[in-house]
Q: 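Structure below; questions to follow.
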Amino acid sequence: MSENEAPALVATCWTSAGTAAPLDNELSPIPILERVRAAAATGWAGLGFGQDDLREARDTIGFEAVRAAIDEAGLTHVEVELLSDWWLPDGSWRPTWELLVEAATALGAAFIKLGPGMGEPLPEVAPFVEPLRALADEARAAGIRLALEPFPFGLIATIPQGAELVRAVDRTNVGLVVDSWHVFRPGTSFAELRDCLDRDLIFGVELSDTDAEVRGTLFEDTRDNRRYVGDGVQDVAGFVRTMRELGFDGPWGVEVLSNEHRARDLADGLRHARATALTAF
């Protein structure tokens, strides 16, 4: 990227999902093709979709129509999410996995995002190594990359713990999504990021800002109270510099989950999220 060129930004799943929210009503009320066109019209390089939206698209207009709209709009980056429970031996997660594989293949997604579940952080990553290795081998056969996103309220709670797991899995198609919110909220320092990460581990980076204090539970805070970049108290620009020092230079996800953002109409919310994120560069 040249010095005067704007960074490529991606409106991740919830940034264009309207009033939809995790563990609430996750199906966006905004038609998926409208979201694609609005993202392109407001300057984004790509966008993400959650499993409920993908299931609705598959069962109505079909993924071919979505891919055609993405190509026509000139968007170059797609993400699909979120697979959780992938470590459970009962296979209850397999229908979602099959949906996400189908969507990732049809839409040319950069990766499938994996969640670490919710609960007390595991004292060690060992129980997740073999399940993730097996999933990685299955994904590789389909030409798909997997990106794990640690959550501070999840079983894999921090970026250092996520990096430890990915290194133990030792598959080149498995990496991390490094979300600034999930860096700042558990108190991970930039020095710790430099110690635990390298470019090969970073598949995606996501940006938002936070208030000084957590409101409600950590999950409620992450779902309802994220701030646009510059509206909170965190050094998001320093986070971007750290990611660049580690070799990552986009495309950069912008993940704004908040009651404030959900109250905006689609185009206004997309314009504001992009304009504020650019201030970190």
Side-chain angles (χ1 to χ4, degrees), residues 12-15 17 20-24 26 48 50-52 79-94 96-97 100 111-136 139 145-169 171 174-189 192-193 196-197 201-211 213-226 234 239 243 253 255-258:
T12 60
C13 169
W14 304 109
T15 302
L23 297 189
D24 193 355
E26 296 195 4
Q51 67 262 29
D52 284 9
E79 299 171 4
V80 297
E81 59 178 276
L82 178 79
L83 183 69
S84 192
D85 296 339
W86 41 266
W87 56 90
L88 296 181
D90 65 6
S92 56
W93 46 272
R94 280 217 159 261
T96 299
W97 168 244
L100 292 174
F111 48 73
I112 292 174
K113 191 186 295 185
L114 306 181
M118 294 174 63
E120 288 297 315
L122 295 177
E124 56 181 26
V125 302
F128 274 2
V129 173
E130 286 305 323
L132 185 50
R133 189 175 287 157
L135 194 67
R145 299 197 308 164
L146 305 176
L148 173 70
E149 181 176 356
F151 303 152
F153 46 85
L155 302 179
I156 303 296
T158 66
I159 300 301
Q161 191 179 31
E164 179 186 358
L165 172 59
V166 170
R167 284 199 170 91
V169 169
R171 294 293 188 269
V174 179
L176 294 171
V177 170
V178 184
D179 184 329
S180 65
W181 179 279
H182 302 319
V183 169
F184 294 131
R185 271 296 178 244
T188 304
S189 69
E192 288 174 304
L193 293 181
C196 76
L197 294 175
L201 263 61
I202 308 170
F203 283 12
V205 172
E206 295 178 351
L207 308 175
S208 63
D209 211 335
T210 79
D211 290 328
E213 301 297 329
V214 174
R215 286 182 283 162
T217 66
L218 274 171
F219 172 74
E220 290 167 342
D221 200 41
T222 196
R223 182 191 63 192
D224 298 336
N225 301 321
R226 294 195 189 210
Q234 303 296 346
F239 172 75
M243 293 296 100
E255 186 168 66
V256 183
L257 277 152
S258 69

Q: Please name the pair of heavy atoms, one in Thr188 and one in Pro160, separated by the smallest distance, quoted to 0.1 Å.
A: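 Looking at all heavy atoms of both residues, the closest pair is CG2-CD, 4.0 Å.
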
Q: Tell me every residue that passes side chain to side chain contact (heavy atoms under 4.5 Å, CB included) with Glu149, counting only those two or more places apart in sequence or in another chain.
A: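 Side chain to side chain contact (heavy atoms under 4.5 Å, CB included) check on Glu149 returns Lys113, Phe151, Val177, Asp179, His182, Glu206, Glu255.
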
Q: If I compare all heavy atoms of Pro186 with all of Thr158, which pair ends up nearest, and what's the gap?
A: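 What the structure gives for the nearest pair is CB-CG2, 4.2 Å.
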
Q: Checking Arg223 now: which residues fulfil side chain to side chain contact (heavy atoms under 4.5 Å, CB included) with it, not counting sequence neighbours?
A: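 In terms of side chain to side chain contact (heavy atoms under 4.5 Å, CB included), with neighbours along the sequence ignored, Arg223 is linked to Ala21, Pro22, Phe219, Glu220, Arg262.
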
Q: For the residue pair Leu135 and Leu83, establish whether any side-chain heavy-atom pair is separated by less than 4.5 Å.
A: yes

Q: Taking side chain as C-beta onward, heavy atoms only, is Gln234 less than 4.5 Å from Phe239?
A: no

Q: Hey, does Leu148 have a side-chain heavy atom less than 4.5 Å from the side chain of Val174?
A: no

Q: Which distance, rounded to the nearest 0.5 Å, do you find between the CG of Leu197 and the CD of Glu192?
A: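 It is 10.5 Å, given to the nearest 0.5 Å.
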
Q: Check whether any side-chain heavy atom of Phe203 lies under 4.5 Å from a side-chain heavy atom of Glu79, and answer yes or no.
A: no

Q: Between the side chain of Trp87 and the main-chain N/O of Phe128, is any donor-acceptor distance below 3.5 Å?
A: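 No; zero donor-acceptor contacts below 3.5 Å.
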
Q: Classify the side-chain pair Trp181/Thr210 by whether it contains a donor and acceptor separated by less than 3.5 Å.
A: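 Side chains of Trp181 and Thr210: no pair found under 3.5 Å.
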
Q: Can you confirm whether the side chains of Gln51 and Thr96 place a donor and an acceptor under 3.5 Å from each other?
A: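 Their side chains do not contain a donor-acceptor pair, so the 3.5 Å distance test is not met.
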
Q: Please set out all donor-acceptor pairs under 3.5 angstrom arising from side-chain atoms of residues 114-124, sequence neighbours excluded.
A:
none

Q: Does Pro150 reach the side chain of Ile156, with side-chain heavy atoms less than 4.5 Å apart?
A: yes

Q: What are the two closest heavy atoms between Thr15 and Val256, and how far apart are they?
A: OG1-N, 3.1 Å

Q: Output yes when Arg185 and Asp221 qualify as a salt bridge under the 4.0 Å nitrogen-oxygen rule, no when they do not.
A: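 The answer is yes: the pair qualifies as a salt bridge.
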
Q: Applying side-chain contact (heavy atoms from CB on, under 4.5 Å) to Leu176 and Ile202, what does each step give before you reach the verdict?
A: CA-CA 5 Å; Leu176 294 171; Ile202 308 170; over 6 Å; no

Q: According to ring-ring contact (aromatic ring centres under 6.0 Å, His included), who are the partners of Phe184, at least two apart in sequence or on a separate chain?
A: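 Testing Phe184 for ring-ring contact (aromatic ring centres under 6.0 Å, His included), a comparison that skips the adjacent residues, returns none.
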
Q: Considering all heavy atoms of both residues, which atom of Gly50 and which atom of Cys13 are nearest to each other, and what is their separation?
A: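 The answer is N-SG, 3.3 Å.
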
Q: Measure the shortest side-chain to side-chain distance between Trp97 and Ile112 over non-hydrogen atoms and say whether it is less than 4.5 angstrom.
A: yes

Q: For a quick test of reading the model, state the closest non-hydrogen atom pair linking Asp211 to Asn225 and the distance between them.
A: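 Closest approach of Asp211 to Asn225, heavy atoms only: OD2-O, 4.3 Å.
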
Q: Quick one: side chain to side chain donor-acceptor pair (under 3.5 Å) partners of Trp86, sequence neighbours excluded?
A: none

Q: Would you compute the distance between atom OG of Ser189 and atom CD1 of Ile159 and round it to the nearest 0.5 angstrom?
A: 12.0 Å

Q: Are any non-hydrogen side-chain atoms of Leu88 and Ser92 less than 4.5 angstrom apart?
A: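 They are in contact (side-chain heavy atoms under 4.5 Å apart), so the answer is yes.
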
Q: Check whether any side-chain N or O of Gln161 sits under 3.5 Å from a backbone N or O of Ala157 as a donor-acceptor pair, and report yes or no.
A: yes

Q: Is a side-chain donor or acceptor of Ser258 paired with a backbone partner of Asp224 at a separation under 3.5 angstrom?
A: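 Checked: no pair found.
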
Q: Taking all non-hydrogen atoms of both residues, which atom of Thr12 and which atom of Gly253 are closest, and how far apart?
A: CG2-CA, 3.8 Å

Q: Return the set of residues passing salt bridge (charged side-chain N to carboxylate O under 4.0 Å, His left out) with Glu26 (not counting sequence neighbours), or none when no residue passes.
A: none

